[in-house]
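Read the numbers this way: they start at 1 and go in the same order the structure lists the ligands and their atoms. All values derive from a computational prediction rather than experimental measurement.
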Amino acid sequence: MDADLVVVGSGLFGLTIAERVANDLGKRVVIVERRSHIGGNAWSETEPITGIEVHRYGAHLFHTSNEKVWDYVNRFTSFTGYQHHVYTTHKGVVFPMPVNLGTINQFFSAAYRPDQAKALIKEQSQELGNKEPSNFVEKGISLVGRPLYEAFFMNYTAKQWQTEPENLPASIVSRLPVRYTYNNRYFNDTYEGLPTDGYGAWLTRMIDNPLITVLTETDFFDDSHEYSKSKVVGTVPVVYTGPVDRYFDYVEGDLSWRTIDLEEEVLTDTGDFQGTSVMNYADLDVPFTRIHEFRHFHPERHYPTDKTVIHREYSRFAKRDDEPYYPINTDDDRAKLAKYRELAASEPEVIFGGRLGTYKYLDMHMAIASALMTYETVLRPHFNDGDPVK
Ligand code: FDA
């Protein structure tokens, strides 16, 4: 076996581990990746008819306030000055998101100052008195009042979960974002931008080292190759970033996830479909949750002016063969996860990491930060000083 470390999955967690172990320690790393390309869900490629960069698994916006992560990612790519803004269509009218003073004043046809808007929303959110919210509807009303909840959150969330809001638990939401200024920047982080020459280029550069071998279209659980689970576990350290329930053959049951379906359309009758990168659709009469128009992520590029490419996004519960995207995290899931964690703790020299391996939604910067921490606290001490891999 030509590897000091096997990494399963080439998303940002796996790539960061591989990069550090090869570049910092000079060790040989084999990455096993089920898909035909590296990069996990952050992968992007050029749509051939328009030449526009498309994010294959849903729009990815890079943002962080973590200096260490920012310094790290800037070794492999520069970033554009892109700042994310989102709009939503409700009853045929477009409003800025997240809900802010502009949204409120447009919605109520008013000119409230911040204190007046706050007082109004406070009054509307007291409709249910002191009653403890028993479902998502009551929770939503108690957070932002019925008018805003019904317009911007109720049906959008129902579409995301394919569930009547009355049947969703109050616990899926702890706060609904409302800003009492006109600031409609989507993220509040110190650093934000998109990789100047694309995610594909960034992620490929991370592992540009002859010590790193990538085996694509190779499933860790397929025994026909030499880096399968049955052949490597116990003989060489493994960083596993696939689904934790799959690793243990679902013995404690399936963890539940939501997935998305993306319907791509190339439009040749217009160079600009919606004037912005992301438009949400808040109402039930539109079956998709949002439309992404990729040209707007890179206004600095010279894309063709007579064509454009969009993705309509549909959200649903994932079945076992679907791509798991967002952990649902019910009480039942948490109980199963606790059992999987116990099993994981006794797996010899296997580190479970990343979004799927820990059953946690992680933004890119969080996946990178977590991988850097794993490298510094476990893998470097292991390779330098012989410390155990746990
Ligand atoms: P990731 O899922 O990327 O990689 C895991 C890899 O393991 C995959 O490539 C998979 O094929 C592979 N694998 C699984 N099982 C395997 C097996 N048996 N054998 C071999 N390989 C296997 N973040 C952000 O900062 N800004 C954003 O805008 C977004 N947007 C966004 C949209 C959507 C729809 C999703 C689902 C996620 C985001 N994210 C995001 C989150 C971002 O995608 C996330 O941080 C990274 O995917 C985390 O990287 P990981 O390496 O943990 O997982």
Which atoms from ligand 1 have a heavy atom of [X] less than 4.0 Å away?
{"X": "Pro243", "result": "15 (N)"}
{"X": "Ile260", "result": "34 (C)"}
{"X": "Gly40", "result": "3 (O), 4 (O), 8 (C), 9 (O)"}
{"X": "Tyr57", "result": "33 (C), 34 (C)"}
{"X": "Val8", "result": "19 (N), 20 (C)"}
{"X": "Phe221", "result": "18 (N)"}

How far is [atom] from its nearest protein heavy atom, and which residue and atom name does that atom have?
{"atom": "atom 40 (C) of ligand 1", "result": "Tyr361 OH, 3.3 Å"}
{"atom": "atom 48 (C) of ligand 1", "result": "Ala367 CB, 3.7 Å"}
{"atom": "atom 45 (O) of ligand 1", "result": "Leu362 O, 2.6 Å"}
{"atom": "atom 52 (O) of ligand 1", "result": "Arg355 N, 2.8 Å"}
{"atom": "atom 4 (O) of ligand 1", "result": "Gly11 CA, 3.4 Å"}
{"atom": "atom 51 (O) of ligand 1", "result": "Phe13 N, 3.0 Å"}
{"atom": "atom 14 (C) of ligand 1", "result": "Gly242 CA, 3.7 Å"}
{"atom": "atom 7 (O) of ligand 1", "result": "Gly9 CA, 3.2 Å"}

Inset, instruction - Measure from NZ or CZ of Arg290 to the centre of the six-membered ring of Tyr281 and say whether it is under 6.0 Å with the direction within 45° of the ring axis. - result: no
Inset, instruction - Answer yes if the ring centres of Tyr325 and Tyr361 are under 6.0 angstrom apart, and no otherwise. - result: no
Inset, instruction - Determine whether the aromatic ring centres of Phe62 and Trp202 lie less than 6.0 Å apart. - result: yes
Option nearest [atom] (shortest heavy-atom distance, choices [options]):
{"atom": "atom 16 (C) of ligand 1", "options": "Glu323, Glu33, Arg34", "value": "Arg34"}
{"atom": "atom 43 (O) of ligand 1", "options": "Met364, Arg35, His60", "value": "His60"}
{"atom": "atom 3 (O) of ligand 1", "options": "Asn41, Leu12, Ile31", "value": "Asn41"}
{"atom": "atom 28 (O) of ligand 1", "options": "Leu61, Val7, Asp189", "value": "Leu61"}

Gap separating the [atom1] atom of [X] from the [atom2] atom of [Y], nearest 0.5 angstrom:
{"X": "Thr89", "Y": "Gln274", "atom1": "OG1", "atom2": "CD", "value": "8.0 Å"}
{"X": "Tyr72", "Y": "Asn66", "atom1": "OH", "atom2": "CG", "value": "13.0 Å"}
{"X": "Arg56", "Y": "His311", "atom1": "CZ", "atom2": "NE2", "value": "5.0 Å"}

Legend entry - Polar atom proximity, Phe62 to ligand 1 (N or O, under 3.5 Å): no
Legend entry - Tyr326 N/O under 3.5 Å from ligand 1 N/O: no
Legend entry - Any donor-acceptor pair under 3.5 Å from His365 side chain to Ser65 backbone: no
Quick one: do the [X] and [Y] side chains pair a donor with an acceptor below 3.5 Å?
{"X": "Gln160", "Y": "Thr157", "result": "no"}
{"X": "Asp249", "Y": "Tyr247", "result": "no"}
{"X": "Ser44", "Y": "Glu53", "result": "yes"}

Inset, instruction - From the options Glu293, Arg295, His296, select the one residue that forms a side-chain contact (heavy atoms from CB on, under 4.5 Å) with Phe273. - result: Glu293
Which bit of [X] is near ligand 1, meaning a heavy atom under 4.0 Å away: side chain, backbone, both or neither?
{"X": "Ala59", "value": "backbone"}
{"X": "Ile38", "value": "neither"}
{"X": "Leu15", "value": "neither"}

Legend entry - Pairs involving residues 19-49, ordered by first then second residue, that meet ring pair (Phe, Tyr, Trp, His ring centres under 6.0 Å) (sequence neighbours left out): His37-Trp43, His37-Tyr57
Inset, instruction - Answer with yes or no whether Gly357 contacts ligand 1, where contact means a heavy atom under 4.0 Å from a ligand atom. - result: no
Legend entry - Set of residues satisfying side chain to side chain donor-acceptor pair (under 3.5 Å) with respect to Asn74, sequence neighbours excluded: none
Legend entry - Within 6.0 angstrom of Arg185 CZ, more than 12 heavy atoms from elsewhere: yes
